[in-house]
Amino acid sequence: MVVMIVETSPKWAVTTYVVVSTLCFIVTPNYEATMLFVLFMGYYPILKFHLDRLENKVLSWTIKYVVFNVAVVIFFLVFQYVFTSVDLLEGMEMFGRFAIPILWLMGNIMFLIYDIVLGQLVDLYINWFRKKILRRR
């Protein structure tokens, strides 16, 4: 989606997201990966592009974390009540009642790392790959 935003426009990135999401349901047998893409990973680079432009960084990060956590809750509920054959907490028995809070905390930490790395990859694409490989400014 980053390439679509940089090379064309955010509208084309959204169109690409919708088409790829639809194809995921048809082609991909792994519903967990499909749901992760549809609920968060597919559109987040587009959202990040717009949120990083906000001057108020606290508001930007608040929106990012709210969007991430809502996506995680929806993902968990879908696999809890729709795809009941999948146990998302498998292997977490040793943590007992703290399994969900521990997973939630780890997910939020990984989201922070993901957001930072995604920003660095965008910078790498724009400032190095486009200039050196594609020879575009």
Side-chain angles (χ1 to χ4, degrees):
M1 299 306 151
V2 171
V3 174
M4 292 302 294
I5 292 170
V6 172
E7 299 299 337
T8 58
S9 72
K11 289 180 184 179
W12 275 103
V14 170
T15 305
T16 304
Y17 163 72
V18 170
V19 170
V20 172
S21 294
T22 305
L23 285 173
C24 280
F25 282 109
I26 297 168
V27 176
T28 308
N30 186 341
Y31 290 116
E32 290 177 31
T34 298
M35 292 304 294
L36 277 174
F37 182 82
V38 171
L39 290 174
F40 183 71
M41 297 296 208
Y43 69 83
Y44 183 73
I46 303 166
L47 182 65
K48 179 178 171 46
F49 173 78
H50 294 291
L51 290 176
D52 285 348
R53 291 181 165 186
L54 292 177
E55 289 183 28
N56 188 342
K57 295 304 175 191
V58 173
L59 177 63
S60 173
W61 277 101
T62 302
I63 294 170
K64 287 177 184 182
Y65 268 99
V66 167
V67 167
F68 172 73
N69 284 290
V70 167
V72 167
V73 168
I74 292 170
F75 179 81
F76 182 78
L77 292 174
V78 165
F79 278 93
Q80 188 75 24
Y81 297 109
V82 177
F83 301 110
T84 56
S85 64
V86 178
D87 184 13
L88 293 176
L89 297 176
E90 183 179 346
M92 296 294 292
E93 296 85 11
M94 68 182 114
F95 296 108
R97 64 187 174 127
F98 298 109
I100 291 176
I102 289 171
L103 280 174
W104 203 299
L105 177 65
M106 296 298 289
N108 278 280
I109 292 169
M110 291 308 296
F111 169 69
L112 173 67
I113 295 168
Y114 170 72
D115 186 84
I116 292 168
V117 169
L118 181 61
Q120 291 175 343
L121 287 173
V122 170
D123 288 342
L124 182 70
Y125 176 77
I126 292 171
N127 297 320
W128 182 79
F129 188 81
R130 282 187 92 226
K131 290 179 181 176
K132 300 282 185 192
I133 306 300
L134 300 178
R135 301 191 192 278
R136 294 183 187 169
R137 296 217 171 247

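Quick caveat, the model's predicted, so the values are computed rather than measured.
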Undergrad: Where do Thr22 and Val18 come nearest, in terms of heavy atoms and distance?
TA: OG1-O, 2.8 Å
Undergrad: What's the shortest heavy-atom distance between Ile126 and Arg130, and which atoms?
TA: O-CB, 3.6 Å
Undergrad: So which pairs with a foot in residues 36-47 pass salt bridge (charged side-chain N to carboxylate O under 4.0 Å, His left out), sequence neighbours left out?
TA: none
Undergrad: Could you go step by step and tell me if Trp104 and Asn69 meet the side chain to side chain contact (heavy atoms under 4.5 Å, CB included) rule?
TA: CA-CA 9 Å; Trp104 203 299; Asn69 284 290; 2.5 Å; yes
Undergrad: Taking all non-hydrogen atoms of both residues into account, name the closest pair between Ala13 and Ile5 and its distance.
TA: CB-CG1, 3.6 Å
Undergrad: Applying side chain to side chain contact (heavy atoms under 4.5 Å, CB included) to Met106 and Phe111, what does each step give before you reach the verdict?
TA: CA-CA 8 Å; Met106 296 298 289; Phe111 169 69; over 6 Å; no
Undergrad: If you take all heavy atoms of Tyr17 and Gly42, which pair is closest and at what distance?
TA: CD1-C, 3.4 Å
Undergrad: Would you mind listing every salt bridge (charged side-chain N to carboxylate O under 4.0 Å, His left out) that reaches into residues 118-127, with sequence neighbours excluded?
TA: none
Undergrad: In sequence, state the C-alpha distance, the side-chain angles, and the governing distance for Trp61 and Asp115, and then conclude on side chain to side chain contact (heavy atoms under 4.5 Å, CB included).
TA: CA-CA 10 Å; Trp61 277 101; Asp115 186 84; 3.0 Å; yes
Undergrad: Could you see if Ile116 belongs to whatever hydrophobic cluster contains Val67? Use Ile, Leu, Val, Met, Phe, Trp, Tyr and a side-chain cutoff under 4.5 Å.
TA: yes
Undergrad: Identify which one of Tyr81, Phe75, Phe76 satisfies the ring-ring contact (aromatic ring centres under 6.0 Å, His included) criterion when paired with Phe79.
TA: Phe75
Undergrad: Of all heavy-atom pairs between Val2 and Pro45, which one has the smallest distance, and what is that distance?
TA: CG2-CB, 3.9 Å
Undergrad: If hydrophobic clusters are built from ILVMFWY residues whose side chains come within less than 4.5 Å, do Val117 and Trp128 share one?
TA: yes
Undergrad: Quick check: closest heavy atoms across Ala71 and Phe40, and the distance to 0.1 Å?
TA: CB-CB, 4.0 Å
Undergrad: With a cut-off of 6.0 Å (strictly less than), are more than 12 heavy atoms of other residues, nucleotides or ligands near NZ of Lys57?
TA: yes
Undergrad: Let me check something: do Val122 and Ile133 share a hydrophobic cluster, defined by ILVMFWY side-chain heavy atoms less than 4.5 Å apart, either directly or through other members?
TA: yes
Undergrad: Any heavy-atom pair between the side chains of Val38 and Phe25 that's under 4.5 Å?
TA: yes
Undergrad: Output the distance between atom OG1 (Thr34) and atom CE (Met41), rounded to the nearest 0.5 Å.
TA: 13.0 Å
Undergrad: Cluster question for you: counting only ILVMFWY and a side-chain heavy-atom cut-off of under 4.5 Å, with indirect links fine, are Leu36 and Ile109 together?
TA: yes
Undergrad: Whether the side chain of Ser60 engages the backbone of Asn56 through a donor-acceptor N/O pair (distance < 3.5 Å, no angle test) should be reported.
TA: no
Undergrad: Within this structure, what is the CZ-CG distance for the pair Phe37 and Leu23, rounded to the nearest 0.5 Å?
TA: 9.5 Å
Undergrad: Going by the rule side chain to side chain contact (heavy atoms under 4.5 Å, CB included), which residues pair with Thr16 if we only count those two or more places apart in sequence or in a different chain?
TA: Met1, Met4, Val20
Undergrad: Taking side chain to side chain donor-acceptor pair (under 3.5 Å) as the test, write out the residues that go with Asp52, two or more places apart.
TA: Lys48, Lys64
Undergrad: Give the C-alpha distance, both sets of side-chain angles, the deciding distance and a yes or no for side chain to side chain contact (heavy atoms under 4.5 Å, CB included) between Tyr65 and Leu112.
TA: CA-CA 9 Å; Tyr65 268 99; Leu112 173 67; 3.2 Å; yes
Undergrad: How would you list, by chain and number, every residue that makes a ring-ring contact (aromatic ring centres under 6.0 Å, His included) with Tyr114, sequence neighbours excluded?
TA: Tyr44
Undergrad: Is Tyr43 reachable from Val70 through a run of hydrophobic residues whose side-chain heavy atoms are each under 4.5 Å from the next?
TA: yes
Undergrad: Tell me, please, which residues at least two apart from Phe129 pass ring-ring contact (aromatic ring centres under 6.0 Å, His included).
TA: Tyr125
